[in-house]
Amino acid sequence: MMVIVVAPLLAPLVACLGTQVSILLGLLVCAGAYALFMRATPGMPYAEFLLPTLVLFGMGFSLCFASVNAQATTGVSDQEQGLASGLVNTSLQVGTLVVLAVATAVLTGAGSAAEGQALPGMRNAMGVVVGLLLAASSMGPAFIFVNRSRDITTPNAPSSHRITEDL
């Protein structure tokens, strides 16, 4: 529900920043949302616990999802747009399931709940999710700052025969 409210507000920001920066920021904002979730204690009020987490996660998801789809289908021929979109969405779903399985394994293997924790191993499971989001974010600068075109020079060819190839 939060994505429906937040996405239209963030569209101009995505247009200004570009898809690569939007994906990086979205991953970092989602990591922040999950980190906020780690501070939850039993009896914590909704406005203090869940509302900020949902708002941040809605912002992060809104920054990421459309940008990931746009980035994945850029440069793909019109006949293969559906295939590219299907592959990226399938990859997102499978990745989500793998992270969910790992977080669930951490959660169920924790034993009894620690003092002030709603579920046993909750902080550890959320820590895994935050760590994976930060690991994915750490790869972002490599894709943002990489030169999108490169010069290919044929050996022994004059510089006037230089070809610029878009990656």
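These values consider heavy atoms only, across backbone and side chains, with no hydrogens, waters or symmetry-generated copies.
- Leu132 and Leu100 are assigned to two separate hydrophobic clusters, defined by single-linkage of ILVMFWY side chains at heavy-atom distances under 4.5 Å.
- Atoms CG and CZ, on Leu107 and Arg123 in that order, are 12.5 Å from each other to the nearest 0.5 Å.
- Pairing each heavy atom of Ser67 with each of Ile23, the nearest pair is CB-CG1, 3.6 Å.
- Both Val88 and Val99 are members of a single hydrophobic cluster when ILVMFWY side chains are connected at heavy-atom separations under 4.5 Å.
- What you find for Ala84 and Ala72 is that their closest heavy atoms are CB-O, 4.2 Å.
- Atoms OG1 and CD, from Thr73 and Glu80 in turn, are 12.0 Å apart once rounded to the nearest 0.5 Å.
- If you take CE on Met38 and OG1 on Thr53, they are separated by 11.5 Å, rounding to the nearest 0.5 Å.
- Tracing side-chain contacts under 4.5 Å through hydrophobic residues (I, L, V, M, F, W, Y), one reaches Leu134 starting from Val21; they form part of the same cluster.
- For the pair Gly26 and Leu63, the tightest heavy-atom approach, listed with the atom from each and the gap, is CA-CB, 3.8 Å.
- Under the 4.5 Å side-chain heavy-atom criterion for grouping Ile, Leu, Val, Met, Phe, Trp and Tyr, Tyr34 is connected to Tyr46 within one hydrophobic cluster.
- Ser62 and Gly58 get closest at one heavy-atom pair: OG-O, 2.7 Å.
- The same ILVMFWY cluster, assembled from side-chain heavy atoms under 4.5 Å apart, contains both Val102 and Val130.
- Residues Phe37 and Phe49 bring their aromatic ring centres within 6.0 Å.
- Between atom CG of residue Leu25 and atom CD of residue Gln20 there is a gap of 12.0 Å, rounded to the nearest 0.5 Å.
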